[in-house]
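Structure first, then comments.
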Amino acid sequence: MKIGVFDSGVGGLTVLHALLRQAPQADYIYLGDTARLPYGSKSQATIARYAVSSAHFLVEEQGAEFLVIACNTASALALDAIKGAVSVPVLGVVETGANAARAASASGDVLVIATDATVQSHAYSAACRERGLRTYEKACPLLVPLVEEGWITHPVTQEVLRIYLSELKQEAGAMQMSPDTLVLGCTHYPLLRDQIAHIVPDLKVIDSACVTAEQVASTIHDKKATGNGTRRFFATDSIEKFRAMGTRFLGEAIDGVTLVDLGG
Ligand code: DGL
């Protein structure tokens, strides 16, 4: 089975990392739309246009038979547009993240940190509400550039995290919430997971990569699908930068990245 994995950049490689552990036998085609990143500060119409052209590339040109939208922003704002544009099953990370939050939270109050666009869409609130959870969402727009810069353990990143997370808890407290769970609603944030967990040890930290991978693995198992364990990587901007940064996100060396032009 050929699985297309799509993100605006390299963050979705955290999801591919989990997929490779759960279902290593499948064939994977990863596309990072690095030329048009960040999606998180753009309008819904633009995000949908970029995400649909990326999905077309993976399905029509590369033959993906199943699509994983390993980008929270695209999952939050463009999932329906993508589903309408391709003829293969599509799985986004917001639904799987909300499922994981439901399983983790005892108090029923959940915090979400994400990009501006994801927070403004309230996709997490809607998905969590359907599962009986109350949610407070906060945009943390400085985190993606800090992670992209490789400043994972940098003191500036520690301070930015401390400020965002203490504001988040104060704001939720002012709404009489008793959160026990924090959803990392952006595929860049799992790289900061240890630092985040250290700052908020009272919260269960959820990243949707593992739950998404579990769901894909069970689909593969149900369909009795197999593959040759191949991996192909595409990026829409500098392949050198993708390879260098992607190695950090995937946790293993990335060879053979191909440059692709999807237009503006
Ligand atoms: N991949 C995006 C997400 O998960 C973050 C990067 C961007 O803004 O494009 O929300």
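Order of appearance sets the numbers: ligands from 1, and atoms from 1 within every ligand. Sequential numbering from 1 along the given sequence is applied to the chain's residues.
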Checklist entry - Under the criterion side-chain contact (heavy atoms from CB on, under 4.5 Å), which of Leu259, Val260, Asp261 is the partner of Thr236? => result Val260

Checklist entry - Short list, please: which atoms of ligand 1 are under 4.0 Å from a heavy atom of His188? => result 5 (C), 6 (C)

Item to check | Over 12 foreign heavy atoms within 6.0 Å of CZ, Arg21 | outcome: no

Checklist entry - Quick check: does any side chain N or O of Thr212 sit under 3.5 Å from a backbone N or O of Ser208, one acting as donor and the other as acceptor? => result yes

Item to check | Under 3.5 Å: N/O of Thr118 near N/O of ligand 1 | outcome: no

Checklist entry - Is the number of heavy atoms from other residues, nucleotides or ligands within 6.0 Å of NE2 (His198) greater than 12? => result no

Next on the checklist: Using a 4.0 Å cut-off to any heavy atom of Ser8, which atoms of ligand 1 qualify?
Outcome noted: 1 (N), 2 (C), 6 (C), 7 (C), 9 (O)

Checklist entry - Tell me, which protein residue and heavy-atom name are nearest atom 10 (O) of ligand 1, and how many Å apart are they? => result Thr73 OG1, 2.6 Å

Checklist entry - With backbone taken as N, CA, C and O and side chain as the heavy atoms from C-beta onward, which portion of Asp7 lies under 4.0 Å from ligand 1: side chain, backbone, both, or neither? => result side chain

Checklist entry - Is the centre of the Tyr50 ring less than 6.0 Å from the centre of the Tyr39 ring? => result yes

Next on the checklist: Main chain of Ala35, side chain of Asp237: is a donor-acceptor contact present, judged purely on distance under 3.5 Å?
Outcome noted: no

Checklist entry - Any luck finding a side-chain donor-acceptor pair between Arg36 and Ser53 under 3.5 Å? => result yes

Checklist entry - Under 3.5 Å between some N or O of ligand 1 and some N or O of Ser41? => result no

Checklist entry - Which atoms of ligand 1 have any heavy atom of Tyr39 under 4.0 Å away? => result 7 (C), 8 (O), 9 (O)

Checklist entry - Which is it for Thr115 and ligand 1 at heavy atoms under 4.0 Å: side chain, backbone, both or neither? => result side chain

Next on the checklist: Counting only heavy atoms from other residues, nucleotides and ligands, does the tally under 6.0 Å from NZ of Lys241 exceed 12?
Outcome noted: no

Item to check | Under 4.0 Å to a heavy atom of Thr187 - the qualifying atoms of ligand 1, by number | outcome: 1 (N), 3 (C), 4 (O)

Item to check | Numbered atoms of ligand 1 (with element) below 4.0 Å of Cys186, judged on heavy atoms | outcome: 3 (C), 4 (O), 5 (C), 10 (O)

Checklist entry - Which ligand 1 atoms are under 4.0 Å away from a heavy-atom of Gly40? => result 7 (C), 8 (O), 9 (O)

